[in-house]
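For reference, the structure discussed in these notes is given below.
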Amino acid sequence: MSGPAPVVVMGVSGSGKSTVGAALAQRLRVPFVDADTLHPRANVAKMAAGQPLDDDDRRPWLDKVGEWLAAHPDGGVVSCSALKRAYRDRLRAHCPRVKFLHLAGSPALISSRLANRAGHFMPAALLGSQFDALQPLAADETGATVDVGQDVGAIIDAFLSGCRP
């Protein structure tokens with residue numbers, strides 16, 4: 001394994017996971033996948049109906065994300081909420097080398113971003129449940145937390161300087 005460790009760009013809906021993840025993958029010259037595309041139809045329908053997912057809903061999805069990470073041991077980037085430590089532990093069970101980039105922002109900032117986003121199955125009404133579930137990276141988790149109140153290039157630079165993949 002000579003490439004960079006796989007990276008999960010994590011955070012609540014509207015934090016910029018997909019945008020930052022795609023840009024990070026391009027910078028590192030590794031594959032990118034948006035974990036939203038790995039959700040089963042039932043999960044998408046549930047969220048679109050305004051119902052938050054529970055842990056039982058998330059397990060098979062997290063396993064798919066973990067399998068994708070494991071299939072890219074020499075580098076890959078996935079955007080995935082990974083809000084709870086248990087979810088990140090599940091991803092690490094598939095890919096122990098994974099590093100996390102937590103995109104952090106205030107509820108007011110994220111809410112304003114969601115208000116301007118169209119065409120996504122995740123309704124803004126579920127943002128509160130995401131902040132309630134969010135468990136920031138612990139000191140023993142490999143990764144970095146970066147403020148989303150800056151441009152994408154600065155976010156990536158902060159991550160790469162603080163947590164070399």
Side-chain angles (χ1 to χ4, degrees), residues 1-40 43-44 47 53 55 57-107 109-110 113-114 117 120-122 127 130-131 133-165:
M1 290 185 284
S2 59
V7 176
V8 171
V9 180
M10 61 168 281
V12 298
S13 184
S15 61
K17 295 182 299 293
S18 298
T19 300
V20 172
L24 177 60
Q26 184 174 17
R27 172 97 62 99
L28 297 174
R29 296 187 174 129
V30 297
F32 169 75
V33 70
D34 185 330
D36 284 347
T37 65
L38 303 177
H39 269 295
N43 284 9
V44 173
M47 288 184 284
L53 300 179
D55 289 350
D57 297 323
R58 286 188 179 94
R59 278 186 202 100
W61 171 65
L62 289 166
D63 286 338
K64 280 187 179 183
V65 174
E67 290 163 7
W68 189 92
L69 290 164
H72 296 86
D74 290 330
V77 177
V78 60
S79 61
C80 175
S81 54
L83 298 175
K84 293 183 181 180
R85 170 70 185 247
Y87 304 161
R88 297 187 297 272
D89 289 345
R90 194 168 191 100
L91 296 175
R92 272 190 289 271
H94 289 278
C95 183
R97 288 184 67 217
V98 68
K99 297 182 186 231
F100 294 89
L101 165 51
H102 174 198
L103 300 178
S106 70
L109 173 63
I110 303 299
R113 287 180 171 192
L114 284 179
R117 182 167 80 171
H120 194 275
F121 60 81
M122 177 73 170
L127 182 59
Q130 292 221 323
F131 273 105
L134 178 62
Q135 297 171 342
L137 290 175
D140 66 333
E141 292 184 274
T142 304
T145 299
V146 179
D147 178 11
V148 298
Q150 52 192 326
D151 69 49
V152 172
I155 291 170
I156 292 170
D157 290 344
F159 173 70
L160 293 176
S161 67
C163 182
R164 192 76 207 159

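Atoms considered below: every heavy atom in the structure, side chains included; atoms not considered: hydrogens, waters and symmetry mates.
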Taking 4.0 angstrom as the limit, do [X] and [Y] come out as a salt bridge?
X    : Y   : answer
E141 : R92 : yes
D63  : R58 : no
D55  : R90 : no

Within this structure, what is the [atom1]-[atom2] distance for the pair [X] and [Y], rounded to the nearest 0.5 Å?
X    : Y    : atom1 : atom2 : result
D74  : R97  : CG    : CZ    : 6.5 Å
T142 : L137 : OG1   : CG    : 9.0 Å
H39  : W61  : NE2   : CH2   : 4.0 Å
L91  : M10  : CG    : CE    : 10.0 Å
S15  : D147 : OG    : CG    : 11.5 Å
L38  : C80  : CG    : SG    : 8.5 Å

| request: Report the C-alpha distance between L69 and V8 in whole Å, list the side-chain angles of each, state the deciding distance to 0.1 Å, and finish with yes or no for side-chain contact (heavy atoms from CB on, under 4.5 Å). | output: CA-CA 9 Å; L69 290 164; V8 171; 3.7 Å; yes
How far apart are the closest heavy atoms of [X] and [Y], and which atoms are they?
X    : Y    : answer
K17  : V9   : CD-O, 3.5 Å
A82  : F100 : CB-CE2, 4.5 Å
F131 : I110 : CZ-CG1, 3.9 Å

| message | Would you say that W68 contacts C95 through its side chain, given a criterion of any heavy-atom pair below 4.5 Å between the two side chains? | response | no
| request: Name all residues meeting the side-chain contact (heavy atoms from CB on, under 4.5 Å) criterion together with D151; count only those two or more places apart in sequence or in a different chain, and write none if there are none. | output: A154
Pairs under 3.5 angstrom only: tabulate donor-acceptor contacts from the side chains of residues 18-26 to other protein residues two or more places apart or in another chain.
{"unit_1": "S18", "atom_1": "OG", "unit_2": "D34", "atom_2": "OD2", "d": "2.5"}

| Verdict with supporting geometry, D140 and R85, side-chain contact (heavy atoms from CB on, under 4.5 Å) | CA-CA 11 Å; D140 66 333; R85 170 70 185 247; 2.8 Å; yes
| task | For the pair L134 and H102, evaluate side-chain contact (heavy atoms from CB on, under 4.5 Å) and give the outcome as yes or no after the intermediate values. | result | CA-CA 10 Å; L134 178 62; H102 174 198; 3.9 Å; yes
